[in-house]
Amino acid sequence: MKAAPRKETVFKQIKISSVASSFVSYLPFSDGEWIKESGGLTFACMKTIEGRALNYALKEDRHLAVEKIAHFHEEVQGTSCDDIPTLALIPKWRNRFVRFKQDIEGNVYPPQQEKLIHFYLSIGEHVVSQMKEVARLEETALRYRYIVHGDPAHHNFIFSRNQLRLIDGDLISYAPREYDYLQLLNRMLPHCNWSLDEWQESYIYPLRQCIETPYLRKLLAYPADFYREWLVNPSGRNELLVKTEEHHSKRAEFVHTVL
């Protein structure tokens with residue numbers, strides 16, 4: 001069963017499931033209706049898939065994820081649906097950066113943690129100030145109705161009986177396909193020793209664009225994962241800082257390379 005506060009979030013996933021074999025299937029209820037509403041939520045019947053999530057620590061799984069996203073993009077391109085929103089990355093990332101900045105203001109941290117926090121603050125500020133060119137990319141995406149999944153986390157892929165499918169399309173939107181690959185790389189790079197070598201020869205054009213096009217390559221420096229964990233899980237911030245410190249030298253080197 002799939003539930004969401006907004007009806008549109010459910011409707012768009014039902015629509016996508018009707019055109020994409022790479023996305024989890026939805027089924028009507030026994031009375032033929034596609035949705036039910038109760039307690040302020042909208043429900044839909046999602047087909048159960050028994051299987052495992054992907055593991056980005058495994059090279060094979062990283063490549064499976066990239067290929068499945070490419071398959072998804074091909075299947076859904078051109079789909080017209082009023083329930084699918086457009087994604088504007090600049091205000092989204094600027095808002096996340098501002099929330100992080102406001103959250104740390106006035107707080108005192110141990111010197112090493114203070115240094116780490118302000119490194120990620122300065123990197124976020126720099127990237128957000130250099131994003132103007134993505135607006136044109138977003139205009140093109142909307143014109144051609146490019147659709148992204150929006151949340152290609154390892155747990156949103158289910159591998160079952162030699163079939164791999166995407167689930168949880170709450171963030172499906174009209175946006176440049178590069179945005180899904182930027183997210184994938186952000187999640188996979190910690191498992192690749194913060195190196196892009198694994199993807200240099202990829203046949204997938206939007207993925208190569210993220211690596212080869214200077215203004216997109218810069219976006220790989222944005223610490224989306226750090227901001228997300230900081231804001232979503234306040235009680236785990238010390239653990240986050242410890243974990244981040246362990247990989248900081250490699251990540252800092254990577255950041256300076258892409259910028």
Side-chain angles (χ1 to χ4, degrees), residues 3-5 51-66 69 89 91-128 149-159 166-171 179-199 210 218-259:
R52 67 170 180 87
L54 293 186
N55 179 359
Y56 289 164
L58 303 176
K59 184 176 181 179
E60 180 182 359
D61 279 14
R62 294 196 294 271
H63 285 265
L64 283 172
V66 166
I69 283 292
L89 192 62
K92 179 180 178 180
W93 277 14
R94 182 186 293 125
N95 177 62
R96 188 174 288 182
F97 163 75
V98 169
R99 287 173 59 205
F100 176 73
K101 183 178 180 180
Q102 290 173 340
D103 194 87
I104 64 174
E105 283 178 353
N107 294 324
V108 178
Y109 302 94
Q112 190 60 30
Q113 291 188 349
E114 183 85 17
K115 184 178 178 181
L116 196 67
I117 288 167
H118 281 277
F119 173 82
Y120 289 106
L121 179 70
S122 64
I123 294 301
E125 184 172 30
H126 178 78
V127 172
V128 167
H149 179 271
D151 189 14
H154 72 281
H155 51 79
N156 284 335
F157 294 86
I158 300 295
F159 192 76
L166 281 155
I167 62 170
D168 194 358
D170 287 7
L171 299 181
Y179 288 2
D180 269 344
Y181 295 109
L182 287 170
Q183 278 208 57
L184 278 170
L185 289 170
N186 180 261
R187 293 175 181 276
M188 292 177 177
L189 279 165
H191 302 290
C192 304
N193 203 27
W194 289 97
S195 169
L196 293 169
D197 290 350
E198 188 174 314
W199 314 108
C210 292
K218 286 181 181 179
L219 301 184
L220 292 170
Y222 185 80
D225 55 326
F226 185 79
Y227 291 168
R228 179 177 60 246
E229 292 301 317
W230 183 275
L231 295 168
V232 170
N233 185 21
S235 64
R237 287 174 182 173
N238 189 63
E239 182 181 348
L240 172 65
L241 289 167
V242 170
K243 182 175 69 173
T244 303
E245 177 62 30
E246 291 175 359
H247 304 280
H248 177 64
S249 61
K250 278 289 183 183
R251 183 168 190 168
E253 182 181 338
F254 171 80
V255 165
H256 291 306
T257 298
V258 297
L259 290 180

If I compare all heavy atoms of [X] with all of [Y], which pair ends up nearest, and what's the gap?
| X | Y | result |
| --- | --- | --- |
| Tyr181 | Cys210 | CB-SG, 4.0 Å |
| Tyr222 | Phe97 | OH-N, 3.7 Å |
| Val128 | Arg94 | CG1-CB, 4.0 Å |
| Leu54 | Ala65 | CD1-CB, 3.7 Å |
| Ser122 | Phe119 | OG-O, 2.8 Å |
| Trp230 | Leu240 | N-CD2, 3.7 Å |

[atom1]-[atom2] distance between [X] and [Y], expressed to the nearest 0.5 angstrom:
| X | Y | atom1 | atom2 | value |
| --- | --- | --- | --- | --- |
| Gln183 | Tyr179 | CD | OH | 11.5 Å |
| Met188 | Trp199 | CE | CH2 | 5.0 Å |
| Leu171 | His149 | CG | NE2 | 8.0 Å |
| Leu182 | Leu185 | CG | CG | 7.0 Å |
| Leu220 | Leu196 | CG | CG | 6.0 Å |
| Leu184 | Leu189 | CG | CG | 10.5 Å |

Check your understanding: Side chains of Ile104 and Tyr109: closer than 4.5 Å at any heavy-atom pair?
Key ->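 Contact flag for Ile104/Tyr109 side chains = yes.
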
Exercise for review: Kindly write out the residues that satisfy side-chain hydrogen bond (donor to acceptor under 3.5 Å, both in side chains) with His154, not counting sequence neighbours, or none if the list is empty.
Suggested key: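 Counting only residues at least two positions away or on another chain, His154 forms no side-chain hydrogen bond (donor to acceptor under 3.5 Å, both in side chains).
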
Check your understanding: Partners of Gln113 by side-chain hydrogen bond (donor to acceptor under 3.5 Å, both in side chains), sequence neighbours excluded?
Key ->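 Testing Gln113 for side-chain hydrogen bond (donor to acceptor under 3.5 Å, both in side chains), a comparison that skips the adjacent residues, returns Asn238.
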
Review point. Listed by chain and number, what are the salt bridge (Lys or Arg N to Asp or Glu O under 4.0 Å) partners of Glu198, not counting sequence neighbours?
Key: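 Salt bridge (Lys or Arg N to Asp or Glu O under 4.0 Å) list for Glu198, sorted by chain: Arg62.
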
Practice item. Could you list the residues that satisfy salt bridge (Lys or Arg N to Asp or Glu O under 4.0 Å) with Arg187, not counting sequence neighbours? Key: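 Residues passing salt bridge (Lys or Arg N to Asp or Glu O under 4.0 Å) with Arg187: Asp151.
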
Point to revise | side-chain contact (heavy atoms from CB on, under 4.5 Å) partner of Phe157, chosen from Ile69, Asn55, Asp61 | key: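 Testing Phe157 for a side-chain contact (heavy atoms from CB on, under 4.5 Å) against Ile69, Asn55, Asp61 leaves exactly one candidate, Ile69.
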
Review point. Ala221: what forms a side chain to side chain contact (heavy atoms under 4.5 Å, CB included) with it, not counting sequence neighbours?
Key: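 Checked Ala221 against side chain to side chain contact (heavy atoms under 4.5 Å, CB included); matches are Ile123, Val127, Val255, Val258, Leu259.
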
Check your understanding: Between His248 and Tyr120, is the gap from one ring center to the other below 6.0 Å?
Key ->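 Yes: the rings meet the under 6.0 Å criterion.
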
Point to revise | Output field: ring centroids Phe100/Phe226 closer than 6.0 Å | key: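 Ring centres of Phe226 and Phe100 closer than 6.0 Å.
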
Check your understanding: Do any pairs count as a salt bridge (Lys or Arg N to Asp or Glu O under 4.0 Å) and have a residue in residues 230-255, sequence neighbours left out, and if so which ones?
Key ->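 Checked against salt bridge (Lys or Arg N to Asp or Glu O under 4.0 Å) - neighbours excluded - the pairs reaching residues 230-255 are Asp103-Arg237, Asp225-Arg251.
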
Check your understanding: If you draw a 6.0 Å radius around CD in Glu105, do more than 12 non-hydrogen atoms from other residues or ligands fall strictly inside?
Key ->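 Atom CD in Glu105 is crowded, with more than 12 foreign heavy atoms closer than 6.0 Å.
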
